[in-house]
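To keep things clear, I will list the structure first and then write my remarks on it.
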Amino acid sequence: DQELVVYNETDGSMSAKFSKVGELLLNNAYLDNHLYTQLKNAGIEYLCKPTKISQVVKECLYWFGLGLDEKYPSAKLINFVTVLESTLKKKDETTELRRTVSERGAILLYDKFEQRKEAFKQLRDIYDTRSKVVHTGVLIDDKDLASLAGGYARIVLIKLIKQAKEFSGNFDDFITSIDDTKLGKEKLLPARLK
């Protein structure tokens with residue numbers, strides 16, 4: 001057993017943690033002032049309010065965490081696509097999910113047409129592979145595809161967190177703004193989402 005004493009600069013508290021493995025810092029998370037300031041500037045405090053966006057973020061953080069902890073690429077992919085689906089579609093949307101998630105994701109991820117076109121293709125491939133795993137039980141070994149899905153899920157989730165305050169926690173308005181961009185109504189889109 002090893003003991004790690006952690007001093008939290010944010011609130012000035014100290015705590016002790018015991019670990020049976022050598023990577024002590026990985027077993028104890030703490031929040032320093034710099035990280036706290038970054039999270040605050042990103043709008044994390046706004047997520048304390050019970051809104052539709054804060055609920056979506058909470059659920060997505062759960063799925064994202066499962067994806068990070070999973071060692072099998074197929075399971076990673078399923079968890080990361082769940083994040084993408086949850087952040088890029090309204091709850092009542094049940095058809096054309098592949099296209100919806102791919103289009104909205106590409107719009108949210110990139111500004112330029114060529115980049116969006118490539119992201120759309122990659123998101124569509126990710127979604128197709130996820131469907132193959134879910135509907136046929138076929139396992140994949142493509143760690144790069146699972147990693148790409150995780151990267152996209154992370155970026156989309158961060159953008160949603162940053163927009164929580166601007167959209168007053170209204171998830172439907174967040175989705176509508178992405179759709180408005182698709183339809184060419186860029187002036188309705190908040191500056192940070194562009």
Notebook entry, point to check: When you look at NZ of Lys112, are more than 12 heavy atoms from neighbouring residues, nucleotides or ligands closer to it than 6.0 Å?
Noted result: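 No, not enclosed.
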Check: Just wondering, more than 12 heavy atoms not from Arg154 lying within 6.0 Å of its CZ?
Finding: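 Result for CZ/Arg154: open.
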Kindly indicate whether the side chain of [X], heavy atoms from C-beta on, has any atom under 4.5 Å from the side chain of [Y].
X	Y	answer
Thr176	Lys90	yes
Val133	Val138	no
Leu148	Phe80	no
Lys182	Asp179	yes
Leu109	Leu123	yes

Drop me the distance from [X]'s [atom1] to [Y]'s [atom2], to the nearest 0.5 angstrom.
X	Y	atom1	atom2	result
Thr51	Gln55	OG1	CD	9.0 Å
Ile107	Asp180	CD1	CG	10.0 Å
Thr82	Tyr62	OG1	OH	10.0 Å

Checklist line | Trace of the side-chain contact (heavy atoms from CB on, under 4.5 Å) decision for Asn79 with Leu68 | finding: CA-CA 9 Å; Asn79 289 311; Leu68 291 175; over 6 Å; no
Are [X] and [Y] connected in the hydrophobic side-chain network, where two residues link if heavy atoms are under 4.5 Å apart?
X	Y	result
Val156	Leu61	yes
Phe120	Leu84	no
Ile161	Ile155	yes
Val81	Val134	yes

Under 3.5 Å donor-acceptor, [X] side chain and [Y] backbone:
X	Y	value
Ser86	Val83	no
Ser74	Leu139	no
Lys76	Glu70	yes
Arg116	Tyr110	yes

Check: So does Asp128 pair up with Arg98, basic N to acidic O under 4.0 Å?
Finding: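 Counted as a salt bridge, because a side-chain N and a carboxylate O are separated by less than 4.0 Å.
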Next item on the list: Indicate yes or no: does Glu93 engage Lys89 in a salt bridge with an N to O separation below 4.0 Å.
Entry: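 Looking at Lys89 together with Glu93, the answer is no, because their closest N to O distance does not fall below 4.0 Å.
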Write down the atom of [X], the atom of [Y], and the distance for their closest heavy-atom approach.
X	Y	result
Ala149	Leu77	CB-CD1, 3.7 Å
Tyr152	Ile126	CD1-CD1, 4.1 Å
Ala164	Ile53	CB-CG2, 3.7 Å
Phe174	Thr87	CE2-O, 3.6 Å
Ile175	Arg104	CG2-CZ, 3.3 Å
Lys159	Leu108	NZ-O, 3.1 Å

Next item on the list: Dump the intermediate steps for salt bridge (Lys or Arg N to Asp or Glu O under 4.0 Å) on Lys91 and Glu59, then the final yes or no.
Entry: CA-CA 13 Å; Lys91 295 293 182 197; Glu59 291 169 2; 3.5 Å; yes
Margin query: Whether Arg130 engages the ring of Tyr127 as a cation-pi pair (distance to the six-membered ring centre under 6.0 angstrom, angle to the ring normal within 45°) should be assessed.
Written below: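 Arg130 over Tyr127 ring: yes.
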Next item on the list: Report the C-alpha separation of Glu85 and Trp63 in whole Å, then their side-chain angles, then the decisive distance to 0.1 Å, and conclude whether the side-chain contact (heavy atoms from CB on, under 4.5 Å) test is met.
Entry: CA-CA 11 Å; Glu85 202 172 279; Trp63 290 110; over 6 Å; no
